[in-house]
Protein chains: 2
Amino acid sequence: MRDVAQLAGVGIKTVSRVVNGEPNVSPATAERVRQAAASLHFEPDLHAGNLRRADRRSRTLGLLVSSVANPFAAQVHRAIERVAIEHGYAVLAASLEDDPDAELRAVTALARRRVDGFVVTPVRDDQAYLRLHVERGTPLVCVDREPHGIETDTVVTSNVEGARDAVRHLLAHGHRRIAFLGDLERIQTAGQRRQGYLDELAASGIDVDPALIVLGLHDDASATAVARRLLTLPDPPTAIFSGQNLVTIGAIRALQQLGLEHDVALVGFDDVETSDLLKPRVTTVSQDADRIGRLAAERVFARLDGDTSPPRHLVVPTRLVVRGSGEIRAPLAAPADVG
Amino acid sequence: MRDVAQLAGVGIKTVSRVVNGEPNVSPATAERVRQAAASLHFEPDLHAGNLRRADRRSRTLGLLVSSVANPFAAQVHRAIERVAIEHGYAVLAASLEDDPDAELRAVTALARRRVDGFVVTPVRDDQAYLRLHVERGTPLVCVDREPHGIETDTVVTSNVEGARDAVRHLLAHGHRRIAFLGDLERIQTAGQRRQGYLDELAASGIDVDPALIVLGLHDDASATAVARRLLTLPDPPTAIFSGQNLVTIGAIRALQQLGLEHDVALVGFDDVETSDLLKPRVTTVSQDADRIGRLAAERVFARLDGDTSPPRHLVVPTRLVVRGSGEIRAPLAAPADVG
DNA sequence: TTGAAAGCGCTAACAC
DNA sequence: GTGTTAGCGCTTTCAA
């Protein structure tokens, strides 16, 4: 910058003014400065400026997700990036892989880089430690899961309602023995989806068979194994509600292996790529990742713009996408037990 | 930092030493400083330090990809992040959506944030403008596509060889009329895959029917339409080689719509999620995104570590994953034309 | 309309 | 072992 000033024959502050588009520079001077800057390939150092700048904004957002390679997280990321760009922001993303320590490390790494705001998918049991950053003026928005130990803006999927929709849909097709396959219990959304499943069955006065509820499934292999076991029970379920997309894939594989894919109904929570191409096509409760990301980013910028209203808890509805597998009807009920 | 120094009753430089783990601090002093830092929740400002630090490293990498939501790019991103973390680095990612102007904007945005290295999927016709950054000491590694106008490290998939493998596989199953469905011509990898297709046919002395080659497909809808048209030709192809995963999905849909999925062979370039669940399962030429990302990141760090050897051009081989659709045999050849 | 001086939070160089 | 001084590249303040 000093070099640019020298070459343009002006003071360093004038260069600063031109670079930042500040007023009170004669067009002629401005032009000379621009020429000089271009010829020296000058790129202002954003971080150096921040040191002294009034707003002290790094124009960078920090994003913590399960994994940038996870399709849902990646879509949320893209949506956040879109909003960020509009505001002249860049996004620093970190993958946590559900590791509580990684959450801490990532927050520290991003804090040292002085991100202006955090969008976090909580992993730890307690996010109270993040209060510090919020108090220091770095807004925090939690996505996908609710944080613990801190009151802050959140944007989550309507997990309970979505699960209820799925189960209601299966009930409407005559099913009474509906299995639930869920992710690890410590993952909040898994618990909520199970809750929706239980709520809807309760609301319909259906007795729950605990044998049909399995949690702790985190990949498709274990889901396949469990689904096979349930489907070969003496009194098997006539429908399956799977609570996560890898689990859905596992369930499909089990159904295919047993040749039951056209006989046992299936509704999966969260989309399965190319679910359109399968036979039958898979009915899913799909999440609006794009909207979640967009809302989260908008919340961050609202806070950066000085919004001090109470924390907002946004719930993004799911959509039941009817494609075929969920509309398989239950076989005629066996005669009621008469003892 | 001054506050920490005051609270610990030491000089500011001692705090710096403790924070950075430099030697020549007595254990007792160090402990007092640590206490003070913790009680004030001190987080050093990485960027402020960089201003004066000898290596001037922001410990941040810039990544430019088609889209962070694209599964291939997202996997590359994750692999880069893994290597980055090991080196204490964070990753700033930007989505270009194949927009040449976005490439320029993203490079500028990252340069102003003083990233230490770039990993770029080139979009523009010319990357000569990046020489500046390289000369100023910011290494550049191009992934997935070769850059133009600059000699730098590259990590790409063996597109030509992978395509040849696919076509050879189809030839081995008796096919002679093999269609090629490719992405937009301006996308380098699309051209390379077509080249591999042509090469392999030429090597086998097969005449190419230009009617069976269609480029310019960028989504599954257009691919479906084109595949339908080809398959309903008077003399239709007996096999399809699709050059991109959305195109593969389109081709599958067309085959399903026409009820031909068990009669016409299909090999797709790049993986299709859940291709395992389809009937028939889809044979693909799969790219090793993880390896590409890892190698690219390792190249950046090698350069940062002072490697000044000539640019390396790494080619990551593909793998033909045999699953069923590519092994459908050609129907018995029609009698040769005898005029 | 312009520029000089001070200072942002930190590290380098050197003195003690 | 420890502290002092200068200065990184920029913006602020304020004087001209």
Side-chain angles (χ1 to χ4, degrees), chain A residues 1-34 36-37 40-60 88 108-116 136-138, chain B residues 1-34 36-37 40-60 88 108-116 136-138:
Chain A
M1 187 143 164
R2 222 180 29 225
D3 303 341
V4 176
Q6 193 153 20
L7 182 59
V10 300
I12 190 171
K13 175 63 215 186
T14 301
V15 178
S16 170
R17 274 195 263 264
V18 173
V19 165
N20 293 292
E22 284 171 36
N24 295 329
V25 181
S26 77
T29 317
E31 190 45 37
R32 257 187 313 137
V33 170
R34 259 188 293 273
L40 293 177
H41 302 290
F42 171 74
E43 283 289 3
D45 184 326
L46 196 62
H47 299 308
N50 273 359
L51 228 40
R52 200 68 173 75
R53 206 191 316 276
D55 62 7
R56 301 192 53 96
R57 295 270 165 89
S58 63
R59 298 182 183 282
T60 306
T108 302
L110 298 185
R112 293 186 172 195
R113 286 173 178 80
R114 295 294 188 263
V115 294
D116 296 339
R136 279 151 127 95
T138 312
Chain B
M1 189 147 163
R2 226 182 25 226
D3 302 341
V4 176
Q6 193 153 19
L7 182 60
V10 300
I12 191 171
K13 175 65 213 186
T14 302
V15 177
S16 170
R17 275 195 263 263
V18 173
V19 166
N20 294 291
E22 284 169 36
N24 295 329
V25 180
S26 78
T29 317
E31 190 45 36
R32 254 187 316 139
V33 171
R34 259 187 294 274
L40 293 177
H41 303 290
F42 169 76
E43 282 288 3
D45 183 327
L46 196 61
H47 299 308
N50 273 358
L51 229 40
R52 200 65 172 73
R53 205 192 318 275
D55 63 7
R56 303 194 48 104
R57 295 270 166 89
S58 62
R59 296 182 184 283
T60 306
T108 302
L110 298 185
R112 294 188 171 192
R113 286 171 179 81
R114 295 295 187 263
V115 295
D116 296 339
R136 279 151 128 94
T138 312

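Chain A is the first sequence line, chain B the second, and so forth, proteins listed ahead of strands; every chain is numbered from 1. As the structure is a computational prediction, the values presented were derived from the model and not from experiment.
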Earlier contact from the 5' end, DNA chain D, for Arg53(B) and Pro27(B): Pro27(B)
Whole-Å distance separating the CZ atom of Arg2(A) from the P atom of dC10(D): 10 Å
Between dC10(D) (P) and Arg112(B) (CZ): distance, integer Å: 10 Å
Separation of atom CZ in Arg114(B) from atom P in dG9(D), rounded to whole Å: 9 Å
Under-4.0 Å side-chain N/O to phosphate OP1/OP2 contact, Ser26(B) with dT2(D): yes
OP1 or OP2 of dG3(C) under 4.0 Å from side-chain N/O of Thr14(A): yes
Thr138(A) and Asp116(A): CA distance, side-chain angles, deciding distance, side-chain contact (heavy atoms from CB on, under 4.5 Å) verdict: CA-CA 5 Å; Thr138(A) 312; Asp116(A) 296 339; 5.8 Å; no
Residue Arg52(B), side-chain heavy atoms: nucleotide from dC10(D), dC8(D), dG3(C) that is nearest: dC8(D)
Nearest-Å distance for atom pair CG/P, residues Asn20(B) and dG1(D): 18 Å
Touch class at under 4.0 angstrom, heavy-atom based, for Asp45(A) against every strand present: sugar-phosphate
Rounded interatomic separation in angstrom, taking CE from Met1(A) and P from dT12(D): 11 Å
Phosphate OP1/OP2 of dT2(C): any Thr29(A) side-chain N/O under 4.0 Å: yes
Closest non-hydrogen atom pair between Val18(B) and Arg34(B), with its separation: CG1-NH1, 3.8 Å
Whole angstrom value for the distance that separates P of dT11(C) from CG of Asn24(B): 16 Å
OP1 or OP2 of dT11(C) under 4.0 Å from side-chain N/O of Ser16(B): yes
Below 4.0 Å: OP1/OP2 of dC10(D) and any side-chain N or O of Asn50(A): no
Separation of atom CG in Leu51(A) from atom P in dG9(D), rounded to whole Å: 12 Å
Residue pair Ile12(B), Met1(B): steps toward the side-chain contact (heavy atoms from CB on, under 4.5 Å) verdict: CA-CA 7 Å; Ile12(B) 191 171; Met1(B) 189 147 163; 3.9 Å; yes
Touch class at under 4.0 angstrom, heavy-atom based, for Pro23(B) against every strand present: nothing
Sidechain N-carboxylate O distance under 4.0 Å for Glu43(B), Arg136(A): no
Base dG9(C) to side chain Arg56(A), donor-acceptor N/O within 3.5 Å cut-off: no
Protein-nucleotide distance (Glu43(B), atom CD; dC10(C), atom P), rounded to Å: 10 Å
Arg114(B) and Asp45(A) ion-paired at < 4.0 Å: yes
Base of dG3(D) paired with side chain of Arg17(B) (donor-acceptor, under 3.5 Å): yes
